[in-house]
Every structure is written in structure tokens, then in C-alpha cells.
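Notes follow once the structure below has been shown.
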Amino acid sequence: MLDEILTIKSEKKHLREFGLTIGIILCFLGGIGLWRGKEIYPYFFTVGGIFIVTGVFIPFILKPLQKAWMGFSIILGFFVSRIIMTILFYFVLTPIGIIMRLLGKDLLDQKIDKNKVSYWHQRDAKQKDAKSYENQY
């Protein structure tokens with residue numbers, strides 16, 4: 001995670017994209033505020049406009065803000081991904097596994113059968129032409 005934070009790309013192109021993206025999002029939020037009659041919409045438009053102008057004309061000024069924002073997003077992504085994966089595992093996969101065991105299902109054919117000679121599944125041999133090797137998927 002630290003390596004990711006230290007290698008955040010901050011070239012002119014990335015800083016320009018950052019400024020334009022944040023500016024457009026803030027202007028969009030200002031538009032929603034204007035549409036809904038909220039008093040705070042001019043601030044969103046002002047800050048969004050500043051980001052857009054800065055991103056287009058002098059993007060190097062945005063470098064510290066972009067580094068901080070991207071570092072925050074890396075740290076947040078680290079924790080959120082683990083939370084989502086934990087929720088998926090314990091609330092989706094675990095109940096499915098328990099239900100499959102209760103129903104006696106063995107989808108992966110993992111039960112050991114001492115009467116079986118082999119667990120190999122024989123496939124029918126098909127004659128393949130050279131064209132079939134070009135698009136394997």
C-alpha cells in the first residue's frame with residue numbers, strides 16, 4: 001500500500017485530468033443544488049470553476065492536493081475492499097456452502113469413493129482443424 005502511495009503519477013496529464021474531473025463533479029453538484037433550490041450552489045460552482053481553470057491552465061498547482069486525494073483513495077480502497085469481500089464471504093458464500101452441504105450436493109466431485117477405479121472423466125476425442133486453434137475462447 002505504501003508503494004502505491006509513493007508511486008502516484010502526478011504528471012501534467014494526470015494533474016489536468018484530476019482538476020477537470022473534480023471541477024466537473026463540483027459543478028454537477030452545484031447544478032443539482034441550483035435545481036433543488038439550495039443556497040450553497042454558488043460555492044460548488046465557484047470551487048468547481050477554480051478546479052477546471054487551474055486544471056487547464058496551471059495544473060502543477062494541484063499536485064499536493066492530487067497526491068493527498070489519491071493517497072486517501074488508496075487507503076480507503078484498501079479497507080473498503082476487505083470489508084466488501086468479508087461481507088460477501090460470510091453472508092453469501094458461507095450460506096450457499098451450508099445449504100449445499102445440507103442438501104448433500106458435491107458440485108466439485110470431492111467425495112472419496114473407494115469403489116471408483118479412477119476419478120478421470122473421459123472426454124470424446126474430436127478431430128480439430130488448424131482454424132480452431134486461432135480462436136480458443
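If you read the sequence from its start, that first residue is 1, and numbering goes on from there.
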Side-chain heavy atoms under 4.5 angstrom apart, residues restricted to Ile, Leu, Val, Met, Phe, Trp, Tyr: same cluster for [X] and [Y]?
X     : Y     : answer
Trp69 : Leu20 : no
Ile50 : Ile24 : no
Ile74 : Leu62 : yes
Ile22 : Tyr43 : yes

**OP:** Could you verify whether a donor N or O on one side chain and an acceptor N or O on the other, from Glu11 and His14, lie under 3.5 Å apart?
**Re:**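 There is such a pair between these side chains.
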**OP:** Check which hydrophobic residues are tied to Ile61 through side-chain heavy-atom contacts below 4.5 Å, counting indirect links as well, and list them.
**Re:**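 Its cluster mates, by chain and number, are Ile58, Phe60.
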**OP:** Output the distance between atom NZ (Lys111) and atom NZ (Lys116), rounded to the nearest 0.5 Å.
**Re:**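 One gets 11.0 Å once the value is rounded to the nearest 0.5 Å.
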**OP:** State the OG1-CG distance between Thr54 and Leu15, to the nearest 0.5 angstrom.
**Re:**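 Nearest 0.5 Å value for the OG1-CG distance: 11.5 Å.
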Which pair of non-hydrogen atoms, one from [X] and one from [Y], has the smallest distance, and what is that distance?
X     : Y     : value
Cys27 : Ile52 : SG-CD1, 4.1 Å
Lys67 : Ile8  : NZ-O, 3.2 Å
Ser10 : Gln66 : OG-OE1, 2.7 Å

Original post:
Sequence neighbours excluded, which residues qualify as side-chain contact (heavy atoms from CB on, under 4.5 Å) partners of Phe44?
Top reply: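 With sequence neighbours excluded, Phe44 shows a side-chain contact (heavy atoms from CB on, under 4.5 Å) to Leu26, Leu29, Ile40, given in chain and number order.
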Original post:
Is the backbone N or O of Val56 less than 3.5 Å from a side-chain atom of Arg16, with the two atoms forming a donor-acceptor pair by type?
Top reply: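 Confirmed, Arg16 side chain pairs with Val56 backbone.
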Under 3.5 Å, which donor-acceptor pairs link side chains of residues 77-97 to any protein atom two or more places apart or in another chain?
{"from": "Ser81", "atom 1": "OG", "to": "Gly77", "atom 2": "O", "distance (Å)": "2.9"}
{"from": "Ser81", "atom 1": "OG", "to": "Phe78", "atom 2": "O", "distance (Å)": "3.1"}
{"from": "Arg82", "atom 1": "NH1", "to": "Phe78", "atom 2": "O", "distance (Å)": "3.2"}
{"from": "Thr86", "atom 1": "OG1", "to": "Arg82", "atom 2": "O", "distance (Å)": "2.7"}
{"from": "Thr94", "atom 1": "OG1", "to": "Phe89", "atom 2": "O", "distance (Å)": "2.8"}

Original post:
Can you find a heavy atom in the side chain of Phe51 that is under 4.5 Å from one in the side chain of Thr46?
Top reply: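 Phe51 vs Thr46: side chains apart.
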**OP:** Could you check whether the rings of Tyr41 and Phe45 sit parallel, tilted or perpendicular, using 30° and 60° as the cut-offs?
**Re:**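 Tyr41 and Phe45: perpendicular rings.
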